Amino acid sequence: MAPEQPPTPSPVPPKERAAEKLTLVQLLPNMLTVLAICAGLTAIRFGLQGSYEFAVQLIMVAAVLDGLDGRLARALKSESGMGAELDSLADFMNFGVAPALLLYTWALEDSRNFGWLAVLAYAVCAVVRLARFNVMRKSEDKAHDNAYFTGVPSPAGAMLVLLPMYLSFAFGSGPFLPDLVIAGWMVLTGFSMISRVPTWSFKTTRIPRRNVKYLLLGVALAIAAVATYAWITLAVFCVVYVAAVFVMMPRKRALTGADPHEDRP
């Protein structure tokens with residue numbers, strides 16, 4: 001008797017084969033994420049070469065790309081687990097590692113070990129914040145209020161931690177703040193990312209139609225200010241953001257009627 005032949009695998013239906021392939025348009029979000037990683041790594045390179053202004057600008061580019069990739073993925077309905085993990089790794093590189101190394105080579109390299117300890121503290125806080133966010137995102141309650149983050153988001157944390165550099169570039173001098181102050185600011189910014197403080201998210205913000213024209217005018221003025229007085233404007237944005245966090249805290253408590261420290265990202 002002839003041996004039994006293994007069953008022939010059934011062919012994959014054409015629709016399923018088509019679903020396994022992605023168009024180039026659907027890959028655009030991942031391309032933007034990879035470009036953001038390249039911008040963050042290149043910022044480190046230019047920082048090591050002493051081109052600090054251009055390095056900071058590259059981190060700003062990475063922040064813009066980070067804001068676009070997720071929204072583009074949702075618009076194209078091309079969200080995936082791989083894209084989410086890639087975005088998280090990019091955030092750690094661009095907003096956890098790159099800003100800390102820039103500040104270290106710019107001002108803290110000649111300090112004692114407390115400068116490097118500040119770098120480690122900030123980077124660890126950034127990765128812990130991203131890990132916490134990923135865990136909460138996978139088990140997210142649909143009824144959760146997405147108008148608020150828990151803690152400062154990592155892109156905002158990167159913009160805040162670079163505040164000493166903005167001030168230095170604005171006034172045309174080297175680091176004029178004491179090394180200990182810069183290191184303390186790094187640690188404080190890192191702790192703000194892993195804190196339970198509710199911070200405003202513009203994702204669910206709705207603008208009344210009658211106020212759209214004022215919003216567009218404000219955006220135009222902000223862009224013009226960044227283009228004309230870039231470093232002073234960025235420093236002002238940091239101050240306004242910190243002030244907004246403190247203003248929103250009691251409002252969040254009043255809306256939820258709960259302790260804001262119990263919120264999730």
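Not measured: the values here are computed from a predicted model.
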On a heavy-atom basis, which atom in Tyr122 and which in Ala100 lie closest, and how many Å separate them?
CD2-CB, 3.8 Å
Starting at OH of Tyr104, measure out to CG of Asp110 and round the result to the nearest 0.5 Å.
8.5 Å
Give, for atom CG of Leu102 and atom CG of Leu108, the distance between the pair rounded to the nearest 0.5 Å.
11.5 Å
Check step by step if side chain to side chain contact (heavy atoms under 4.5 Å, CB included) holds for Val242 and Leu160.
CA-CA 9 Å; Val242 172; Leu160 288 176; 3.9 Å; yes
Any idea which heavy atoms bring Asp66 and Pro155 closest together, and the distance?
OD2-CG, 3.5 Å
Output all residues satisfying ring pair (Phe, Tyr, Trp, His ring centres under 6.0 Å) with Phe92, sequence neighbours left out; order by chain, then residue number.
none
Could you go step by step and tell me if Trp185 and Leu177 meet the side chain to side chain contact (heavy atoms under 4.5 Å, CB included) rule?
CA-CA 11 Å; Trp185 176 249; Leu177 294 174; over 6 Å; no
Has Arg129 got a side-chain atom pairing as donor or acceptor with Gly157's backbone, closer than 3.5 angstrom?
no
Test side chain to side chain contact (heavy atoms under 4.5 Å, CB included) on Leu103 and Trp106; report intermediate values, then the result.
CA-CA 5 Å; Leu103 281 168; Trp106 176 68; 4.0 Å; yes
Please determine whether residues Met193 and Val128 belong to a single hydrophobic cluster, defined as Ile, Leu, Val, Met, Phe, Trp and Tyr linked transitively by side-chain heavy-atom distances below 4.5 Å.
yes
Output yes when a side-chain donor or acceptor of Thr150 lies under 3.5 Å from a complementary backbone atom of Arg196, and no otherwise.
no
So, taking the atom named CG in Leu163 and the one named CE in Met186, what distance separates them when rounded to the nearest 0.5 Å?
13.0 Å
For the CZ atom on Phe191, are there more than 12 heavy atoms of other groups (residues, nucleotides or ligands in this structure) within a distance under 6.0 Å?
no
Is the number of heavy atoms from other residues, nucleotides or ligands within 6.0 Å of CG (Asn211) greater than 12?
yes
Identify whether Phe169 and Ile232 are in the same connected component of the hydrophobic contact network (ILVMFWY, side-chain heavy atoms under 4.5 Å).
no
Contact between Phe133 and Asp91 at the side-chain level, heavy atoms closer than 4.5 Å - yes or no?
no
Nearest non-hydrogen partners of Ala158 and Val161, listed with the distance
O-CG1, 3.3 Å
For residues 28-53, which side-chain N or O atoms pair as donor and acceptor with protein atoms under 3.5 Å away, sequence neighbours left out?
| unit_1 | atom_1 | unit_2 | atom_2 | d |
| --- | --- | --- | --- | --- |
| Thr33 | OG1 | Pro29 | O | 3.0 |
| Thr33 | OG1 | Asp69 | OD2 | 2.8 |
| Thr42 | OG1 | Cys38 | O | 2.6 |
| Tyr52 | OH | Thr105 | O | 3.0 |

Between Trp231 (side chain) and Met165 (backbone), is there a donor-acceptor pair under 3.5 Å?
no
When you compare the side chain of Ile59 with that of Pro99, does any pair of heavy atoms fall below 4.5 Å?
yes
For Ala63, enumerate each residue passing the side-chain contact (heavy atoms from CB on, under 4.5 Å) test, keeping only those at least two apart in sequence or located in another chain.
Phe95, Met159
Are the side chain of Ser88 and the backbone of Glu85 linked by a donor-acceptor contact shorter than 3.5 Å?
no
Consider only side-chain heavy atoms of I, L, V, M, F, W and Y, link residues closer than 4.5 Å, and tell whether Val245 and Val239 are in one cluster.
no
Could you tell me which non-hydrogen atom of Phe237 sits nearest to which non-hydrogen atom of Ala222, and how far apart they are?
CZ-CB, 4.0 Å
Contact between Val119 and Trp116 at the side-chain level, heavy atoms closer than 4.5 Å - yes or no?
yes
Out of curiosity, does Val97 fall in the hydrophobic cluster containing Phe54 (side-chain heavy atoms, cut-off under 4.5 Å, transitive links)?
no
Interatomic distance, Cys125 atom SG to Leu120 atom CG [nearest 0.5 angstrom]
10.5 Å
Is it the case that one hydrophobic cluster holds both Leu234 and Phe176, taking links as side-chain heavy atoms less than 4.5 Å apart, direct or via other members?
yes
In terms of heavy-atom contacts, does OH of Tyr214 have more than 12 from other residues, nucleotides or ligands at under 6.0 Å?
no
Evaluate the criterion side chain to side chain contact (heavy atoms under 4.5 Å, CB included) for residue pair Tyr229 and Val236; output intermediate values, then yes/no.
CA-CA 11 Å; Tyr229 306 103; Val236 171; over 6 Å; no
